[in-house]
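Okay, so here's the structure we're looking at.
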Amino acid sequence: MLGTPEESLMITVHPLLFDIAKIAESGQCFRLNETAENTWTLVALGKVLRIVKRENGDYDFSCGRSEFDAVWKHYFDLDTDYENYYAKIPASDRFLTKAARYSSGIRILNQDPWEMLITFIISQRKSIPAIRTSVEKLCERYGNRIRYRKEIFYSFPSPEKLARAGTDGILACSVGYRAPYLYHASRAVFSGELDLKRIGGLGDGELKEVLLSLYGVGIKVANCVMLFGYHRINAFPVDVWMERMISEHYRGLFPAEKYEGFAGIVQQFIFFYGRTYAGTRKLDKRAALR
DNA sequence: TGCCAGGCTTCAC
DNA sequence: GTGAAGCATGGC
């Protein structure tokens, strides 16, 4: 029996400074999961992509060259030379140097602004595993079915689907008090009152202003949407982990102006380092005190 | 079982 | 303008 086209397509690449495991755990995307040893499955842009990491560092992407070049190369930000960013971190900042080294391979993905808006409204006061759960419920309930290698996945729901779901429908996805926020955003986009493509043409300041005008979107969520949905790499989201790191290592004041133009990338290094490495140590300490 | 989580809106003052 | 209270619910 002949396989489907998707089964027969594969491309092998070896991007520099690219680590899919770290990206999956970096807190910027919630639908990239390690589904088997050295194998990750991504649902994004209405597609399913499987990525396998080989022992020699090569990556197999389950798509053809044309799709890789047209879609995924940009999605994973593979045209950007991250070496430039690492080079700009002064050795005098030992903490940031360590965090950047630890986070080496993370890239800021080019994700869908609509998905980022909804996902990061959900994210407030939720842990990353809990965000994944809510997002997945939302997709299963209101997304489109995608059949891939005999498995069923679900695309991210459209603004129309969520707007028609209403607050009660959205509430069934474990989003709690955020349901009205999600409903309002969905209505705004579906009605055309908020044109996510058009605002992509605005400058950073104006873009942030528009995002902040949405019910349920504050400074943190606006910065996340800017960084992860509009690739405004100077956006600098500060959550409880960032506050913790800044408090511990910068006496409460991070010199973001030193990293003008790419502060968001530096932020991602600190966040990832804080939440995984330093965060684990913190948990270990707690366990030791019990 | 209780605490915490990629925060925001509302309401006193 | 500023600070505190209240908010739903899953994961550990």
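Within every chain, numbering begins at 1; the chains are lettered A, B, ... in the order of the sequence lines, protein sequences first and strands thereafter.
Looking at residues two or more places apart in sequence or on another chain, you find a side-chain contact (heavy atoms from CB on, under 4.5 Å) between D60(A) and M10(A), T12(A), V52(A), R54(A). Contacts of H184(A) classified as ring-ring contact (aromatic ring centres under 6.0 Å, His included), with partners at least two apart in sequence or in another chain: Y215(A). For F272(A), the ring-ring contact (aromatic ring centres under 6.0 Å, His included) partners are Y102(A), not counting sequence neighbours. Residues passing the ring-ring contact (aromatic ring centres under 6.0 Å, His included) test with Y86(A) are F269(A), sequence neighbours excluded.
Taking side-chain N and O atoms only, R275(A) has no distance below 4.0 Å to OP1 or OP2 of dC4(B). Side-chain N/O atoms of S174(A) include one lying less than 4.0 angstrom from OP1 or OP2 on dG10(C).
The stretch residues 132-142 of chain A has no heavy atom under 4.0 Å from DNA chain B, so no residue of it qualifies as close. Sorted by residue number, the members of residues 216-232 of chain A with any non-hydrogen atom under 4.0 Å from DNA chain B read G216(A), V217(A), G218(A), I219(A), K220(A), V221(A), F228(A). Near-neighbour residues of DNA chain B inside residues 20-37 of chain A, defined by a heavy atom below 4.0 Å, number-ordered: S26(A), G27(A).
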Would you be so kind as to tabulate the donor-acceptor pairs closer than 3.5 Å made by side chains of residues 119-128 of chain A, with sequence neighbours excluded?
from	atom 1	to	atom 2	distance (Å)
T119(A)	OG1	E115(A)	O	2.6
S123(A)	OG	F120(A)	O	2.8
Q124(A)	NE2	I121(A)	O	3.2
Q124(A)	NE2	G216(A)	O	3.2
K126(A)	NZ	S134(A)	OG	3.4
K126(A)	NZ	S174(A)	O	2.9
S127(A)	OG	A130(A)	N	3.4

Solution key, residues 193-205 of chain A side-chain donor-acceptor pairs under 3.5 Å, sequence neighbours excluded:
from	atom 1	to	atom 2	distance (Å)
D195(A)	OD1	K197(A)	N	3.0
D195(A)	OD1	R198(A)	N	3.0
D204(A)	OD1	R232(A)	NH1	2.7

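With ring centers used as reference points, F18(A) lies 6.0 Å or more from Y82(A). Separation of the F254(A) and Y259(A) ring centroids falls under the 6.0 Å cut-off.
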Once base and sugar-phosphate atoms are separated, protein heavy atoms under 4.0 Å mark nucleotides 3-8 of chain C, 5' to 3', with B, S and - as ----BB

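Side-chain N or O atoms of W114(A) include one that pairs as donor or acceptor with a backbone N or O of P157(A) at under 3.5 Å.
Judged as a salt bridge (charged side-chain N to carboxylate O under 4.0 Å, His left out), the pairs with a partner in residues 158-179 of chain A (not counting sequence neighbours) are, in order, E160(A)-R164(A). For residues 255-273 of chain A, the set of pairs meeting the salt bridge (charged side-chain N to carboxylate O under 4.0 Å, His left out) definition, not counting sequence neighbours, is empty.
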